[in-house]
Number of protein chains: 2
Amino acid sequence: MMSDAVTPPGTLPMTLDAVDRRIIRCLLEDATLSNNELAERVGLTAAPLSRRLARLYGAGVIRQAVVVDPAAVGLGLQAFAEVTLNRTAPEVGERFVRAIAAMPEVVECHTVTGDFDFLLKISVKDIADYKRLIWNEFDRLPDIKGLRSTIVFDTPKRSLGTLPDW
Amino acid sequence: MMSDAVTPPGTLPMTLDAVDRRIIRCLLEDATLSNNELAERVGLTAAPLSRRLARLYGAGVIRQAVVVDPAAVGLGLQAFAEVTLNRTAPEVGERFVRAIAAMPEVVECHTVTGDFDFLLKISVKDIADYKRLIWNEFDRLPDIKGLRSTIVFDTPKRSLGTLPDW
DNA sequence: AATGAAATGGGATAGCT
DNA sequence: AGCTATCCCATTTCATT
């Protein structure tokens, strides 16, 4: 099979071969693997593996992260908010993005197609905290035409990364 | 201020003090920090920091992860799908969860309040790939009453973890 | 009980074949 | 890519407050 040349953001195009993909797969399954364990699993020795890893990290294909368990730090409630703006001018959207950038409760902000403009993912302590966020923070923002909240019960599936079926 | 006792999933309750929180904050900002750098930033030496880290990882408060840049591996399209089921029996939902668990394109699945049952986050190559997923995979599933797609233009904010304003 | 200093052990990486 | 050697980093032990 051919290796597709792909372009990480802000970097040069990079070609991933089958070994690179196996490396990524293994790391997605277990990010705590040592280079020796990882090398063994992908059928390599430590040195070339180390070089490949450096390439992948350097090109921005993968990056290390530390994930916090929300409940463990007192964030018991997740929600999605569909936001519609009065888009009278181009800078309305940019102002909104700047505003939510300053709100730590807003964990993700996507601009989307459809009958709303932004889909936000929000992480707060509890329902009271969510009410405070909506009433005291969002309702202060200008140009918000509509906001629909969807509370998360639970999350039966979450995979930090995915790969096409190579 | 008091340290709240919190309960990571499947583990014993754990108390996080101010130093723990600073550690977590620093790691969220930069997961590649060495223990020495991290120790310096939180005002500790390497030894006690190492112990605190072991505690945090052991209790499941934080965990290491490797994040893949979707575009870099050929996944150029993100979407959200709001799914409504014919919930005639309790096992309908469970069957659905099992089905989407086998679909690598479904990166997240949340059960939610509101006028749909599941919110899915989906990561695919392009629009053609998305059509294939919806038409060939989802439309084969029984009990799906409705599905509304929302395509992501871009993601102006994404923070892998958040902390309450301690 | 938790910190800091020092030593030890292991893993990651660079040079070479 | 593999082997080897080096170096750096993480961790453990111990003394200390």
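Letters go in sequence order (proteins before strands), and every chain restarts at 1.
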Problem - Step-by-step side chain to side chain donor-acceptor pair (under 3.5 Å) determination, A:Asp154 to B:Thr111 - result: CA-CA 6 Å; A:Asp154 59 7; B:Thr111 69; 2.4 Å; yes

Completion exercise
With sugar-phosphate taken as primed atoms, P, OP1 and OP2 and all else as base, the protein-contact string of nucleotides 1-17 of chain C at under 4.0 Å (heavy atoms; B, S, -) is --BBB------SBBB--

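Inter-residue side-chain proximity for A:Asp30 and A:Leu33 is flagged as met; some heavy-atom pair is nearer than 4.5 Å.
Between B:Lys157 and A:Glu108 there is no salt bridge, since no side-chain N of the basic residue sits under 4.0 Å from a carboxylate O of the acidic one. Remark: B:Lys125 does not engage B:Glu105 in a salt bridge, criterion side-chain N to carboxylate O under 4.0 Å.
With sequence neighbours excluded, the residues forming a salt bridge (charged side-chain N to carboxylate O under 4.0 Å, His left out) with A:Asp20 are A:Arg52, A:Arg55, listed by chain and number.
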